[in-house]
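A short worksheet on the structure shown next.
We count residues from 1, following the sequence as given. Treat the numbers as computed from the prediction; the structure is a model and nothing was measured.
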Amino acid sequence: MKKFVFTYEKILRLKVELENEAKNELAVAIQKKVKLKTKLEKFVDDQNKYLVHLNELISKGVKASELKRFNSEKSYFTKGISEIKRSIEKQEIAIIERRHELTEALKETKKFEKLKEKEYEKYVEEIFVSERKTIEEIVNYNNYKLSGDKNGR
């Protein structure tokens, strides 16, 4: 009997590669989001330190021109935090898209794996039928041979 060969093996391998790529892209997107969250935490921490420092300076007394400068520096932190939060939101959308792509890739791979499984089951059944047929032929031949010997004597 011939060896089992899946007709669409190359396509299955391609689907597995696409699935792995989708997994990698998802991991990269998640890693990017984690980095952005870390950056946000650091930025918020820096802002808090700055505000504590600013309160100390104000309590000591400052000029109006310095207050104006402090106000612009506070807006730097506010804008920076807003930008990072927007980047995190965009990254979350990208993660959702990557998860969807991964789900689709998994579905495609599963389709071909099921197809391969069904083809293998057919192959095994063909082997079983072939072996059963061969055994029946041998038994029939032996019975014919034995019946021929009795009749021939």
Enumerate the residue pairs fulfilling ring pair (Phe, Tyr, Trp, His ring centres under 6.0 Å) with a member in [range], sequence neighbours excluded, ordered by first and then second residue.
range           : answer
residues 77-98  : F43-F77, Y50-F77
residues 85-113 : none
residues 23-42  : none
residues 19-39  : none

Determine whether a donor-acceptor pair (N or O, by modelled atom type, separation under 3.5 Å) exists between the side chain of [X] and the backbone of [Y].
X    : Y   : answer
Q47  : K74 : no
T103 : R99 : yes
Y123 : K2  : yes

Rounded distance [0.5 Å steps], [atom1] in [X] versus [atom2] in [Y]:
X    : Y    : atom1 : atom2 : answer
N142 : L146 : CG    : CG    : 6.5 Å
L40  : L36  : CG    : CG    : 8.5 Å
I58  : F70  : CD1   : CZ    : 7.0 Å
L54  : N71  : CG    : CG    : 9.0 Å
K33  : I93  : NZ    : CD1   : 11.0 Å
L115 : T7   : CG    : OG1   : 7.5 Å

Under the rule for salt bridge (Lys or Arg N to Asp or Glu O under 4.0 Å), what residues qualify as partners of [X], not counting sequence neighbours?
X    : result
R69  : E73
K32  : none
K116 : E9
K110 : E113

Could I get the full list of side-chain hydrogen bond (donor to acceptor under 3.5 Å, both in side chains) partners for K111, not counting sequence neighbours? E108
Side chain to side chain donor-acceptor pair (under 3.5 Å) partner of T109, chosen from E19, R13, K15: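 Looking at E19, R13, K15, the match for T109 under the side chain to side chain donor-acceptor pair (under 3.5 Å) is E19.
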Cluster link [X] to [Y], ILVMFWY, side chain under 4.5 Å:
X    : Y   : answer
Y120 : L12 : yes
V16  : I11 : yes
V28  : L26 : no

Could you list the donor-acceptor pairs under 3.5 angstrom formed by side chains in residues 80-89, with sequence neighbours left out?
| from | atom 1 | to | atom 2 | distance (Å) |
| --- | --- | --- | --- | --- |
| S82 | OG | T78 | O | 3.0 |
| S87 | OG | E83 | O | 3.1 |

Hey, could you give me each pair passing salt bridge (charged side-chain N to carboxylate O under 4.0 Å, His left out) that has a residue in residues 41-55? Not counting sequence neighbours. K42-D46, D45-K49
Return yes when atom CZ of F4 has more than 12 non-hydrogen atoms of other residues, nucleotides or ligands closer than 6.0 Å, and no otherwise.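 Atom CZ in F4 is packed in, count exceeds 12.
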Contacts satisfying side-chain hydrogen bond (donor to acceptor under 3.5 Å, both in side chains) that involve residues 132-141 (not counting sequence neighbours) are none
Verdict with reasoning, L18 to E101, per side chain to side chain contact (heavy atoms under 4.5 Å, CB included): CA-CA 10 Å; L18 291 174; E101 289 171 6; over 6 Å; no
How far apart are the C-alpha atoms of L57 and H53, what are their side-chain angles, what is the distance that settles it, and do they pass the side chain to side chain contact (heavy atoms under 4.5 Å, CB included) test? CA-CA 6 Å; L57 289 175; H53 174 69; 3.4 Å; yes
Stepwise salt bridge (Lys or Arg N to Asp or Glu O under 4.0 Å) test for K122 and E119: CA-CA 5 Å; K122 278 184 182 177; E119 275 192 29; over 6 Å; no
